[in-house]
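A quick note: this is a predicted structure, and the numbers were derived from the prediction, not measured. Below, chain A is the first sequence line, B the second, and so on; all start at residue 1.
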2 protein chains.
Amino acid sequence: MPRLARKPSVAVRAAPLRPPAQSAENFRRSRRDRAVETAQDYVEAIADLTGALGEARVVDLARRLGVTHVTVNRTVARLQRAGYVNTQPYQAIFLSAAGRKLAEECKRRHETVVAFLRSLGISEKVAELDAEGIEHHVSPETLAAFERLLKKP
Amino acid sequence: MPRLARKPSVAVRAAPLRPPAQSAENFRRSRRDRAVETAQDYVEAIADLTGALGEARVVDLARRLGVTHVTVNRTVARLQRAGYVNTQPYQAIFLSAAGRKLAEECKRRHETVVAFLRSLGISEKVAELDAEGIEHHVSPETLAAFERLLKKP
DNA sequence: ATAAATATGTAGCCTTAGATACAATTGAAT
DNA sequence: ATTCAATTGTATCTAAGGCTACATATTTAT
Ligand SMILES: [Mn+2]
Ligand SMILES: [Mn+2]
Ligand SMILES: [Mn+2]
Ligand SMILES: [Mn+2]
């Protein structure tokens, strides 16, 4: 089958296509968000566990995140290299100042997303479920809109 | 520093912790969503390109998604193994029946998410940006709520 | 004090998903 | 018919993020 010409006649065009550069930028941002998802989920979990239990242990994180302790171990090592946590062998994991700051932001955003979904009538279970993924893709502008609509419904 | 007891007194508890099983389930779903993001973005892009240009070539997908043609190649091979596309060496990529079905769902969801964000006053640019990530984490219940609110504001 | 259970660490495997560098094929221009 | 540019394919690297199996350390129970 012969390759179609790169610039087909208007008759072939069914729908207008956004310039690929813009589209590519959107996908790139989405992928970048995905790359920092892990760090955000971990620092948020570490903050929660530290608040509730006084410290965050590898096993607690593993149970909480639904992964094995091996995965937690490697990820925590990466978070330490990135400067978000401090930990020593066989010790609990504590957030650095940067980690606490990030955790605060994530916790606030997580709660806003959940509250917003709840305000739409979504059940608590599904709101928590969806928020766990959505939270990482909500820009400041969208977050602000959520907060604004929560104040004045 | 000694390890804290696993069951601290209530005095230590600062905030209530959801049972770890529920939390783990949420994170698991979020990770599963992430794993199918790629397939969804690809079939949606293939459908768009096929509609606009008559066929989807590797270079077009690469430009659209903001990755190299190598990445596209490998991913398309995986999509073919998964039964979403049909393609032969040096030929264009076409969706299978399953691929078309998935693309339809994704397109509809993508548009709903964008329209919903727009209805909150989010700018078109940011709405498109956020939707590209959010769309993959919107459950049927939440999608239905978005659609309902779009009809009767 | 010793033994058992729990927690943590390490080695090595897999998949996805990005990249560069180079090879081969194709389509179009000369 | 030949050449050339664009497209597609392949080899190889890197990193994240999941896993099992096994080793070591620590805490708890006897
Ligand atoms: Mn999350
Ligand atoms: Mn969260
Ligand atoms: Mn997307
Ligand atoms: Mn999309």
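The phosphate of C:dG18 (OP1 or OP2) has no side-chain N or O of B:T71 nearer than 4.0 angstrom. The side chain of B:R31 contributes no N or O atom lying less than 4.0 Å from OP1 or OP2 of D:dG17. Listed pair B:T68 / C:dA19 meets the phosphate criterion, a side-chain N or O lying under 4.0 Å from OP1 or OP2.
A salt bridge is defined here as a Lys NZ or Arg NE, NH1 or NH2 lying under 4.0 Å from an Asp or Glu carboxylate O, and A:R108 with A:E147 meets this definition. Under 4.0 Å is where a charged nitrogen must lie from a carboxylate oxygen, and between A:R34 and B:E37 at least one such pair does. Using a cutoff of 4.0 Å between basic side-chain nitrogens and carboxylate oxygens, B:R64 and B:D60 are not scored as salt-bridged. Ion pairing between a basic and an acidic side chain is recognised when a charged N comes within 4.0 Å of a carboxylate O; A:E105 and A:K107 show no such pairing.
Taking for each of A:R34 and A:T87 the nucleotide of DNA chain C with the nearest heavy atom, the 5'-most of the two is the partner of A:T87. When each of B:T38 and B:V70 is assigned the nucleotide of DNA chain C bearing its nearest heavy atom, the one mapping closer to the 5' terminus is B:T38. If you find the closest nucleotide of DNA chain D to A:E37 and to A:P89, the one lying nearer the 5' end belongs to A:E37. Toward the 5′ end of DNA chain D lies the nearest nucleotide of A:R81, the other residue of the pair A:R81 and B:R28 mapping further downstream.
No contact: A:T75 has no heavy atom under 4.0 Å from any strand. Residue contacts for A:R74: at a heavy-atom cut-off of 4.0 Å it reaches a base atom on one of the strands shown.
Counting to the nearest Å, the P atom of C:dT10 and the CG atom of A:N73 are 7 Å from each other. When the P atom of D:dG17 is taken as reference, atom CZ of B:F27 falls 13 Å away, rounded to whole Å. Between B:H69 atom NE2 and C:dT25 atom C1' the separation is 12 Å, expressed in whole Å. Between the P atom of C:dT8 and the CG atom of A:D60 lies a distance of 8 Å, rounded to the nearest Å. Across the protein-nucleic acid pair, B:L79 atom CG and C:dA17 atom C1' stand 13 Å apart, rounded to whole Å. When rounded to the nearest whole Å, the span between CD1 of B:I93 and P of D:dG9 equals 8 Å. Rounded to whole angstrom, the span from the CD atom of B:E55 across to the C1' atom of C:dT26 amounts to 13 Å. Rounded to an integer number of Å, the gap from A:R57 CZ to C:dT8 C1' is 9 Å.
Comparing atom distances between the A:V59 side chain and each of C:dT10, D:dT10, C:dA7 picks out C:dA7 as nearest. When each of C:dT26, C:dG18, D:dA16 is scored by its nearest atom to the side-chain atoms of B:Y90, the top-ranked nucleotide is C:dT26.
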A:D130/B:T142 under side chain to side chain donor-acceptor pair (under 3.5 Å): CA gap, chis, key distance, verdict: CA-CA 8 Å; A:D130 288 12; B:T142 301; 2.6 Å; yes
